[in-house]
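The block underneath contains the structure these notes are about, expressed in structure tokens.
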Amino acid sequence: MHNKSRITRRDALKLAGAGAAVAAFPFARPAIAQGAPLKVGLLLPYSGTFAALGDAITNAMDLYVKQQGGKLGGRTIQWVKVDDESKPERAVENTSKLVEGEKVDVLIGTVHSGVAMAMAKIAREAGLPTLIPNAGANALTRSQCAKNIFRTSFGNSQPGVAAGKAMIDAGIKTAVTYTWGYAAGEESVEGFKQSFLAGGGKIVKEIRLPFPNVEFQAGLAEIASLKPQAVYSFYAGGGALKYMKDYAAAGLNKSVQLWGPGFLTDGVEKAAGEAGNGVKTASHYVDTLDNAENKKFRADYNAAFKVFPDVYAVQGWDTTHLLDIGLKAVGGDVSKKDDLFKAMRNAKFNSPRGPFRLSASQNPIHNFYLRELKNGENVFVKVAATDVSDPTTGCSLA
Amino acid sequence: MLARPRPLVIVVLLALAAYAIALPFFGGAFALKFATRVMITGIFVISLDLLIGVTGLVSFGHALYFGLGAYSLYFISPTSAPANAFLAIPFAMLLAGTVALVVGSVAVLTRGFYFIMVTLAFGQMGFSLFFDTKIAGGTDGAYINVRPVFSLGSWQLLNFQNRAAFLYFCLAALVLSYLFLLWLVRTPFGRVLQGIHHNEARMSALGFNTYAYKLASYVIAGALAGFAGMLFAAIDGYVAPELLGWRESGLAIMMVVLGGAGTLYGPLLGAIVYSLVEETLKSASELSAFFSLFTNAANAKWLGGIFANSWSIPLGLFLIAGVLAAPKGIAGFIEKFAGQPKRSKPPEIKPEVEQREQAKAMQLEVENLVRAFGGLIAVNGVSVKFSSNKVHGIIGPNGAGKTTFINVLSGALRPTGGNIRLENEEIGGQRPHNVARRGLGRSYQRTNVILPFTARENCALAAQARFPSPLRFSNSWHRREEDEAVERALAAAGIAPERADIRASNLSHGEQRQLEIAMLIASGAKLLLLDEPLAGMGPEETGRVTALLRELSADHTIVLIEHDMDAIFAAADTLTVLVEGRLLAHGTPEEIRMNGAVREAYLGEWGQEAKP
Amino acid sequence: MDLVLIQLLNGIQYGLLIFLAASGLTLVFGIMGVINLSHGSFYMLGAYCALTLTQFTGDIFFSLALGVPLAFLFGVIIEWLFIRHLYDRDHLQQVLLTFALILIFNEVQKILWGSYPHSVPVPGYLQGGVKISELLSYPYYRIAVAAFCVALALAMMFVIQKTRVGRIIRAGESNREMVEALGIDSRLLFRFVFAAGVALAATAGIVASPLESVYPGIGEPVLIISFVVVVIGGIGSIKGAFLGALLIGIADALGKVYFPAFSSSVVYALMAAVLIARPGGLFGRAA
Amino acid sequence: MSTPAILAENINTYYGRSHILRGVSFTVAPGETVSLLGRNGMGKTTLLRTLAGLLRPASGRVQLNGADVTAARASARSRAGLAIVPEGRGIFPNLTVAENLTFASRANAKGERPWPLERIYALFPRLAERRHHWGNELSGGEQQMLSIGRALMTSPSIVLLDEATEGLAPKLRDEIWATVKQITDSGIAAIIVDKNLNDLLALADRNTIMAKGEIVFDGTSDALRADEALIHRHLGV
């Protein structure tokens, strides 16, 4: 039996050769010829919890570019994808890979706020045109804003502000917040409190659950004993789905209204089924928005991917749209940075979500819509707030 | 004992270092950054190997210290000015080291898998501290706006902003860390760590405070990981709570195992290989380039895309192949081709031929000793006196409490009641290493030597127990005394010189038992507690060892448990008979042989047969 | 009902669920000495399996009846392909290999089921709940799951203590070679135990799937908490895992209410405390 | 000559890189009691473990009651009628005495159970008294009885006894030998390894001596007693 494990010298040499070949690859990149396509780096999650969001954003961007004949501002677009796995601890190297390794001309990313923070740091130092298609960390367009960084999604507080206002409008006076106690949850509650308290509402208790814990029962029992009129909750993805189901199973949906930002129901409408009925959310997008851009976008997207787009796809779509505006202004020459940034900063266009423009700190100013989840559909109720912008606290651009 | 790296290993390491030195001349910015990161990871994983491979502590929370080191740079950096690395580095190591001291003082109480889980728990608590609260930016992490510099007054020596300079600094840091650890594990301190890895009970019984040693290695590893973490934070100035989390800890373990634990350089290679493979598998362009070696460009691009999309499957398969094909990691693979390790030459010391003078050994007095396990009383009110320079046998049927009795004497078990006096000093209830330091050495029923060490190294370890401070980092202190003690012990226990430099695992059973006695002699113990030293020996070996025991009693007191009646009746000066935890009889062999009660309870026909 | 009582109930319910997930792990670890990091992946695959099967069968209990044998079979295959090479290796290599399995299973999950969250319907006859306070009701399905967990725990203890299979399992825990020498093929024993571990993890995933939502990565927290339970209870002890899980469940529920700021550390602090007091866990032999 | 109970031919077994058994050939006739003598480290235990299937020989052939079992696992050999009472006894500490005994209770090839539980308890009344105790609560002697009893309950045709009296008090040792005598008298073949030469010589039909992995003597007790030089050289008495 001692013979079995013996590896011959020749085997070893072969392996060593293969190893050397592999080792050489990360650094053996083909030289980039002049007039080559515009390299756009996509730092997005293609695996892990947020993979679905990364795919939706990428699909919409791809669709936009295809509709423009594969070109933006006259330049052929070449995507360079890096899977950021939504891991902040890997964010620095994943961003470096695009910025310094692939030497991309434009950087687009990402979903996870922590990863986006790391990405923004590197992008800011490199002065690279950077668009954020989802991550909501307030700091990105507040204290850490930069002239090369644009966000096309939202700031975490924005949906909260809209939801708080809508709750006051709906006559709600007492509420409990029950959210994941991490940055995004806290910032969402911050926005909510701002408008809800301003409107005379009273927050009975703020309950936090450590992210990404999904054992909601303890908090639900507490809510039942506090008996508020409504609950404001920030959860997303699988956690949000489980939350709505637990909420309904505990019978709370019959007595205490459940409110939240759009992420509470986005992507899980169908899965929530009956449990989701009656959940009200404030979002910058509703599937049924009655505008030409939205109708066309939904039809085209469905034709291309056999599935209807969600809010993340809209954000991806607007990201490419914004980039397109900038590139057109400089004729595809990204070295004219000042002009590029100026054009993007001043861009105003009609998005599937409605009118879209940017604030001084380059965060969207857009409408928020009140939606109610009914039998697997987020049904448009009304416009909750128009032209919602996020404070530019600490931003040097403002 | 961990040998110096073989020539082939040195060649590999030098080649890698040369590559790193040359990299700034041809590599791009990303290559530099990549290499820098791998080197920093290298420091991190070799610090973990000090725990896993050397001390045998598998920490699943090592990233705690890496992360703390990273955050320490954030804490010490002014908002818009560089931190001084002369301060930042000691601060990182101090912070990580201090936390390691606190966590370690609790964690090293546990062993094996439980240690894995306790360290995981502390790591996760550290993660929560940064993730769930707003210390240092909370969930979304924090920025270090300006990279540190080395400055003296206004004189700037080295700016981490300069990628090439930073790379060279990290290379130097890695080389120094490696050499430091290599030196450390070969010092008396490091030898004890390795001894603990393979046989903690033995080391404790020799008089080493294994708790202190384990804690010291935990703190050193933590501080070094803190240093690595601080460097990591300096790469791009971003720190996130996940740096402290279990995924990072797990990844580091992965690299250590992939590279080969316990070799120090192996984990380094593991870090390099893992990083390169992951990097390659995640990159569609690199994969396409690789596939284009075999197929046309379109197919290559398509294949590259598919593989990069599902990169974790090939990565998983690579890891599985690695585990199955190279059980000892990359280092084991390299060492297959490196030939046998060269062991350091034995010292040229002739044991002084002068006859050992009769030295008065120690006497041991036991009074009314009780040891209970729950309701079961294993030792029940035994009083007996073992006078100095004699061979005392303990006999009795199985389950009579003999081994428990010895375990209580040596401190391995606490007495439930009664007194134990060594030279009139009470030692009952003291920890084993304290008892051992007072001159009481013991051997075990099952052979209990450090198998990967040679016989001489085993004895050297034992001799070191004469001065068992955990702070012994130099070979030169007490060198001569110890070397002499080793040679004397090897000679006295009858281990042939040509067998002294063979790994204990390759010695015969009898030789291992002799080695065990040699270790006791080398440790300077004056009273030897031997648990069945003759078990498993043939008649010839038995004869030799009983003669050895007689000889040793010239300057030792010997207490032994034995079942070989012929041998013990011949060798012992006194015999103590235990039955069901009680002292049945104590006296000279002749008295015991004639004792009716003993014959009834234990000896049966044997006594009569053997009676002349 | 009193709020504290309700929280206690929540804790017990959560603990029972964790027990279900941890029981297979403690069995595989205790008897085979294999640290199986991919245990969480089997939980995840169980949940996805429930998703697919329930689409066909329409009832979670049919899915259970179909899914558990499938999982067992899957366990047999995985053991044969990978795990059997690990028995004589040290823990670190087991960690490495089973970690690699996680990477593979996660990707397979993504390819087969995509990355959007899904939910598995609670069967019609178990919808609704018992009213336990003015606003709060306790879902029937949770009660059913709790009962199922208790029944399974009792069944496992019975099998282990009173049956021939249980005798062999216990014997294998202490001396595999002797089991072999007495005429029982230990390869088959280990294959059986591993497959049983996989089946238990999948059972947990299936039963929990209507409570959970089914999404990528649900196995990860389950894995960590299961290890915590195994360690607190003492490696290899079903009884220990049961009590450990209840302890963890209650500590977690009460921690969330009374120490919200430290609630994510409560479980770990509890484990560290138990291990310092009893280094071998509640029912374990000291390592 | 009838089919041997066990037949080993030209067995070579390695332990890591050391060559432990060097071409050992060995037979035991049905019902025969054979002692296996030799100093420590000469390969006695290795031979027993190889015969039992617990070690894989690099080459050689093993037959059990005429059937080739070279490729068979230990479990298959056990079911074919071979039982081992190993060094260290191999008691399951977390099973009770009764559970240990019935663990592998089975009938032999003819469907007979010559050693039912009652007979074991009659043989070792101590075990009957302690039937509900855990394996780890037994004394060494009781463990030895249990190990022998457990082996008998597999209805073996051949038993391998490795150091059955090691660590036992002289009085107990005599008891064990008396039992072993009863067992071998019942027609079960046995290979016995032990240090007590005189006890073995009294018990065995045939004696073998191993040295350095080879069998250097094979003969009757009288022949061995007569050759003092041989005894001295290989057994060191």
Side-chain angles (χ1 to χ4, degrees), chain A residues 45-56 85-86 181 205-228 236-246 248-256 267-268 270-276 307 310, chain C residues 1-7 9-11 13-14 17-18 51 103 106-107 110 114-122 127-142 210-218 220-221 249 252-258 260-266:
Chain A
Y46 295 111
S47 61
T49 325
F50 293 134
L53 281 63
D55 288 335
E85 302 171 67
S86 298
K205 184 159 187 180
E206 295 180 35
I207 308 175
R208 290 181 183 80
L209 186 68
F211 177 81
N213 196 309
V214 291
E215 264 311 300
F216 300 107
Q217 290 297 100
L220 294 180
E222 229 182 328
I223 290 168
S225 72
L226 293 166
K227 298 176 190 151
L241 177 58
K242 178 169 194 295
Y243 178 65
M244 284 190 284
K245 288 174 65 183
D246 284 355
L252 278 174
N253 59 343
K254 295 190 194 83
S255 43
V256 184
V268 296
K270 294 272 179 306
E274 267 181 52
V307 55
D310 54 12
Chain C
M1 207 193 277
D2 186 43
L3 185 59
V4 178
L5 267 178
I6 295 176
Q7 298 298 18
L9 190 70
N10 284 330
Q13 146 84 46
Y14 177 45
L17 267 180
I18 313 175
L51 175 69
L103 290 177
N106 278 348
E107 198 59 39
K110 192 188 148 198
S115 29
Y116 273 104
H118 296 277
S119 80
V120 176
V122 171
Q127 263 160 12
V130 193
K131 214 167 166 62
I132 52 173
S133 79
E134 192 186 332
L135 300 187
L136 202 65
S137 53
Y138 211 79
Y140 291 134
Y141 188 74
R142 275 184 185 264
L211 293 177
E212 296 274 346
S213 53
V214 181
Y215 56 95
I218 43 168
E220 195 177 282
D252 184 76
L254 296 184
K256 275 174 188 158
V257 180
Y258 298 106
F262 306 101
S263 63
S264 52
S265 296
V266 165

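Here is how names work: the chains are called A, B, and so on, in the same order as the sequence lines, proteins then strands, and each is numbered from 1. Scope of the values below: all heavy atoms of this structure, side chains included, with no hydrogens, waters or symmetry mates.
Between chain C and the options A:F211, A:Y46, A:F50, heavy-atom pairs under 4.5 Å are most frequent for A:Y46. Most heavy-atom pairs under 4.5 Å with chain C, from the set A:A249, A:A275, A:G251: that is A:A249. Between chain C and the options A:S225, A:P210, A:G237, heavy-atom pairs under 4.5 Å are most frequent for A:P210. Heavy-atom pairs under 4.5 Å with chain C peak, among A:A271, A:G238, A:S47, at A:G238. Chain C forms the most heavy-atom pairs under 4.5 Å with one residue out of A:A51, A:A218, A:A240, and that residue is A:A218. Ranked by heavy-atom pairs under 4.5 Å with chain A, the list C:S137, C:G128, C:P121, C:P139 is led by C:S137.
At a 4.5 Å heavy-atom cutoff, the contact between C:L211 and chain A is made by backbone atoms alone. At a 4.5 Å heavy-atom cutoff, A:K254 makes no contact with chain C through either its backbone or its side chain. In this structure, chain C has no heavy atom under 4.5 Å from any part of A:I207. Both the backbone and the side chain of C:E212 have a heavy atom closer than 4.5 Å to some heavy atom of chain A. Contacts between A:A56 and chain C at a heavy-atom distance below 4.5 Å involve the side chain alone, from C-beta outward. For chain C, no part of A:F216 is nearby; none of its heavy atoms comes within less than 4.5 Å. A:D310 touches chain C through its side chain: at least one heavy atom from C-beta onward sits under 4.5 Å away, while N, CA, C and O do not.
C:L3 and A:A221 make their closest contact through CD1-O, 3.5 Å (heavy atoms, listed as atom of the first residue, atom of the second, distance). Considering all non-hydrogen atoms of both residues, A:I223 and A:P228 come closest at O-CD, 3.5 Å. In plain terms, the two heavy atoms of C:G255 and C:V266 that are nearest each other are CA-CG2, 4.1 Å. In plain terms, the two heavy atoms of A:A224 and C:L135 that are nearest each other are O-CD1, 3.5 Å. Smallest separation of non-hydrogen atoms from C:Q7 and A:Q217: OE1-O, 4.5 Å. Shown here for C:P210 and C:V122, the closest heavy-atom pair between the two residues is CB-CG2, 3.8 Å.
Under a 3.5 Å cut-off, the side chain of C:S115 and the backbone N or O of C:K110 do not form any donor-acceptor pair. Checking side-chain atoms of A:K205 against main-chain N and O of A:L226 turns up no donor-acceptor pair under 3.5 Å.
Within 6.0 Å of the CD atom in C:Q127, the count of heavy atoms belonging to other residues, nucleotides or ligands exceeds 12.
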